[in-house]
Amino acid sequence: MVESIVTVLLEVVKCFAPPTERQLCYLRNYKANFENLKAEIDKLKDESKSIQHRVSEAERKGEKIEEKVENWLVSANNTIEQAAKFIEDGETTSKRCFKGLCPNFKTRYQLSKKAETEVKALVELKEEARRFDDRIFYRTIAEEVWLKSNKGYEAFKSRLSTLKSRQDALTDVNVSIVGVYGMGGIGKTTLVKEFATQASEEKLFDQVVFSEVSQTPDIKKIQGEIAEKLGLELSEEAESRRASRLYERLKKEKMILVILDNIWKYLDLETVGIPFDDDHRGCKLLLTARDRNVLLSMGSENNFLIGILNEHEAWRLFKIMAGNFVENRELKSTATNVAKACGGLPIALTTVAKALRNKELPVWKNALQELQTPSEASFDEGVPVEAYSTIELSYKYLRGEQLKKTFLLCSLITPTSIMDLFKYSIGLGAFESVHKIEDAHNKLHAWVHQLRDSCLLLEDGGSKFFSMHDVVRDVAISIARRDKIAFAVRNEDVWNWPDADALKKYFAICLKDSIINDIPEVLESTQLEFLFMSPKNSFVGPNVPENFFKRTKKLRHLGDMDTAIIGKLENLEILGFVRSDIVQLPKALGQLTKLRLLDLRDCFHLKVIAPNVLSSLIRLEELYMGNCSVEWEVERANSERSNASLDELMLLPWPTTLEIDVKNDSILPEGFLARKLERFKISIGNESFMPPKSVTREWFQSRPHFLINSNRESLRELKLKLDFMDIFSMKLQGINNVEYLWLDKLQGVKNVLFDLDTEGFSQLKHLHVQNNPNFLCIVDSMEMVACEAFPLLESLILHNLINMERICIDQLKVESFNELKIIQAYNCDKLSNIFWLSTTKCLPRLERIAVVDCSKMKEIFAIGEEVDNAIEKIEFAQLRSLSLGNLPEVTNFCREVKTPSASPNRPSSHTSSPANGMRKRTSREPTSTMPRGK
């Protein structure tokens with residue numbers, strides 16, 4: 001009925017304008033438009049479901065959905081909802097008027113037109129979806145989890161400086177590679193990851209990529225890990241082609257940080273495809289390794305050592321891992337000791353704490369016992385397995401069996417000196433292919449450096465000593481026991497000797513700081529080369545049976561043993577009686593014709609060495625007799641001696657090292673100091689070389705930064721205090737190659753340079769002069785041709801030189817005293833100044849100055865007037881400490897002079913331009929202490 005009326009009306013409307021006809025068409029197509037709309041809604045629903053399925057599948061795979069697809073789905077769903085609501089509303093509003101007898105033409109017109117518009121919108125959305133093709137999603141580069149969170153990282157103060165230093169290095173445009181090294185389990189990886197997290201947060205780099213190299217590098221794996229982080233697909237099989245593509249991709253990054261973790265040996269960066277240095281200044285590399293040498297081999301010069309945690313930090317980490325219940329009053333004492341036993345090693349602290357978490361007190365006490373007295377079984381029981389495996393891996397990667405053997409030996413004797421290690425290494429046959437002791441010294445030093453660079457050894461008080469981390473030592477001893485290399489007992493009161501079968505296999509036995517009982521009558525150790533017995537009570541030596549060494553034919557090192565059995569050990573090469581209470585060396589010692597090193601240091605009671613014993617040791621290369629009181633006799637014709645003479649030492653054919661104290665300078669043989677020794681420590685004089693006790697001396701001792709390091713690396717040291725001999729005697733010729741020279745009470749000497757050595761002491765590093773009233777100066781260049789004076793000297797100590805007026809008579813040349821770091825002078829009553837400087841560039845490395853009790857001192861430094869604006873220009877850029885005390889006549893730190901104050905060889909005349917104080921430009925403001933006086 002309605003449709004018939006509409007048709008009639010349309011026929012009438014045809015007579016009017018065309019626009020009117022188009023508008024009335026909406027009335028005719030009302031039903032068709034709504035049907036089309038419903039159909040298009042269904043089609044768009046199907047298309048939306050299809051795309052949503054593809055989106056869901058991509059999201060399950062971790063892919064990122066294109067933003068336009070996400071927007072389309074939102075728009076499609078909204079459009080479908082709006083269209084469905086429109087249809088529902090249209091069916092309600094499209095109703096008859098006049099009680100159903102006449103349709104509402106206006107409403108039908110509006111609804112029909114709107115339906116047609118909705119259809120167009122649905123069709124457009126459907127067409128847009130077809131243009132997506134397969135571009136629904138794209139591959140994402142997942143950010144590393146550790147870059148999003150610092151879980152597991154604790155900001156320890158001792159490591160914050162390392163983080164800052166690393167950041168400074170990596171942001172330096174001239175630095176491309178930075179390295180971090182440290183022992184296994186010390187926390188290198190954790191630290192570099194924390195640095196990467198901070199670098200990402202601070203936007204220091206556009207990209208940060210990470211790859212673990214491991215001990216067996218897989219180049220393709222490394223390339224793949226880096227490429228994946230950059231969204232680069234490497235489908236090629238050939239490493240070289242993959243490297244080329246990775247290289248080009250990395251060069252497109254403006255600033256990128258590449259972290260290569262856990263490197264064990266040299267890795268060719270070009271083979272991997274990583275540009276660096278001038279190839280790409282924006283590509284920075286951060287490397288981690290256990291061995292510093294690996295980093296150096298890869299061109300990393302900025303390398304940072306990661307050390308152990310201090311006690312406070314270690315306890316903090318331990319408590320985090322074990323839980324706060326360790327603060328329980330009953331448990332805390334034991335827990336604290338367990339944490340200390342882990343030695344500040346993060347992996348040990350972490351694994352032990354986690355293993356003991358929520359455990360009862362007896363379990364904690366057992367763990368403490370296992371850590372303090374480890375055995376092979378201790379590690380099998382899980383205390384701590386991870387620490388054991390990381391350290392054992394480092395051991396396995398040491399190059400060469402001798403280096404491994406040296407590492408295990410270090411664990412038996414640590415802490416000790418490198419000198420002791422050297423003796424013991426010879427005892428273990430570590431230098432089979434080395435014929436000279438001096439060459440063996442050099443080889444051992446190289447090994448020690450390798451072990452330090454591998455972080456398996458620690459420096460202890462200087463380069464002459466070493467120690468080992470407790471956990472590293474325990475693992476090494478466990479390895480030595482397991483592999484039947486060594487049997488070791490340390491700090492034990494009760495222990496048992498191994499059975500006979502096990503004893504036959506050991507190369508070394510070390511009994512240190514333990515009670516030594518039940519020594520077998522015969523030691524069944526046919527392979528034994530090294531034996532060390534140090535009882536807990538050092539005053540009571542072990543009671544060694546007479547036949548104890550009957551079957552130890554290979555024994556080559558013996559330490560601290562009964563002298564009665566020495567003659568039977570004909571293969572012995574190293575013999576030591578350090579700090580022994582022996583009074584006399586037996587004649588049987590002369591039978592040890594293979595002996596190469598004899599150590600008698602600190603045998604304070606040793607008085608007698610049988611005549612001709614020392615000269616019988618025809619292979620002896622090194623003799624150490626410091627702090628011995630041997631009453632040397634003089635060789636005389638037709639006269640029998642009851643004691644050794646120094647002439648016997650002159651007969652030794654192969655000496656390289658001599659350490660000896662000679663109280664009476666009159667018994668020295670001619671040429672005693674002229675022999676070319678590689679190292680020596682010779683003291684000639686009857687009294688102590690310590691300066692006299694005084695207020696001044698106590699003042700210096702209270703300031704340790706002025707004390708010369710007693711662990712200095714001085715190979716050649718000479719102390720002279722002559723009561724009977726003139727310094728020009730033929731007996732004292734040949735002292736010019738000395739490195740440390742101490743002069744006390746010399747007869748007829750007015751200066752050091754030229755009176756003692758006309759060549760300027762080219763190798764001297766430390767000079768100590770005291771108690772010499774005849775000394776007028778140190779350098780008197782007026783009498784000789786000018787030369788460089790003391791070019792390597794690092795410290796100059798002047799004590800109680802009451803008549804010395806100047807250190808150098810003439811102006812100081814730039815080349816002289818060029819390495820000087822410390823100047824110390826006290827009780828030098830006539831000293832007018834320290835140096836008369838020729839230019840403002842003298843003494844470039846001076847760090848510490850101390851002048852006390854010099855009553856005639858006018859100025860600390862004088863400088864010639866010929867230098868323009870000298871006072872303004874002079875610099876001591878390295879100066880750290882300035883201490884002046886009781887200098888009543890000092891008015892200036894530095895003063896310009898034509899001729900300096902009173903001279904021992906010139907008339908006293910000078911004009912001066914005082915400059916009260918000196919404008920010093922230093923890199924760090926020096927401290928100044930004035931104990932008394934001005």
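Since the model is a prediction, treat every value here as computed from it, not as a measurement. Reckoned from all heavy atoms, side chains included, excluding hydrogens, waters and symmetry mates.
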Taking salt bridge (Lys or Arg N to Asp or Glu O under 4.0 Å) as the definition, give me every residue that meets it alongside [X], ordered by chain and number, with sequence neighbours left out.
{"X": "E621", "result": "R596"}
{"X": "R641", "result": "E635, E648"}
{"X": "D647", "result": "none"}
{"X": "E631", "result": "none"}

Checklist entry - What orientation do F817 and F790 show, parallel under 30°, tilted 30 to 60°, or perpendicular over 60°? => result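 Taking F790 first and then F817, their aromatic rings sit tilted (interplane angle of 30° to 60°).
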Checklist entry - Relative to each other, are the rings of H766 and Y740 parallel, tilted or perpendicular (30° and 60° limits)? => result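 H766 vs Y740 ring planes: tilted.
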Next on the checklist: Which heavy atom of L592 sits nearest to which heavy atom of L617, and what is that distance?
Outcome noted: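 Distance-wise, the nearest heavy atoms are O-CD2, 3.5 Å.
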Next on the checklist: For a side chain to side chain contact (heavy atoms under 4.5 Å, CB included) check, start with the C-alpha distance between T416 and I413, then their side-chain angles and the critical distance, and finish with the verdict.
Outcome noted: CA-CA 7 Å; T416 189; I413 62 176; 3.7 Å; yes
Checklist entry - What residues, two or more places apart in sequence or in another chain, satisfy ring-ring contact (aromatic ring centres under 6.0 Å, His included) together with W447? => result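 Partners of W447 under the ring-ring contact (aromatic ring centres under 6.0 Å, His included) test: F431.
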Item to check | Pair E622, H441: side-chain N/O donor-acceptor within cut-off below 3.5 Å | outcome: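 Yes.
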Checklist entry - How long is the span from the CG atom in L598 to the CG atom in L585, to the nearest 0.5 Å? => result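 One finds 6.5 Å between CG of L598 and CG of L585.
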Item to check | Charged N-O contact under 4.0 Å between D420 and R601 | outcome: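 Here D420 pairs with R601 in a salt bridge, since their nearest N and O are under 4.0 Å apart.
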Item to check | Residues in side chain to side chain donor-acceptor pair (under 3.5 Å) contact with N627, at least two apart in sequence or another chain | outcome: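 In terms of side chain to side chain donor-acceptor pair (under 3.5 Å), with neighbours along the sequence ignored, N627 is linked to D602.
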Next on the checklist: Going by side chain to side chain donor-acceptor pair (under 3.5 Å), N800 matches just one of N827, D829, N771. Which one?
Outcome noted: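 It is N771; the other options fail the test.
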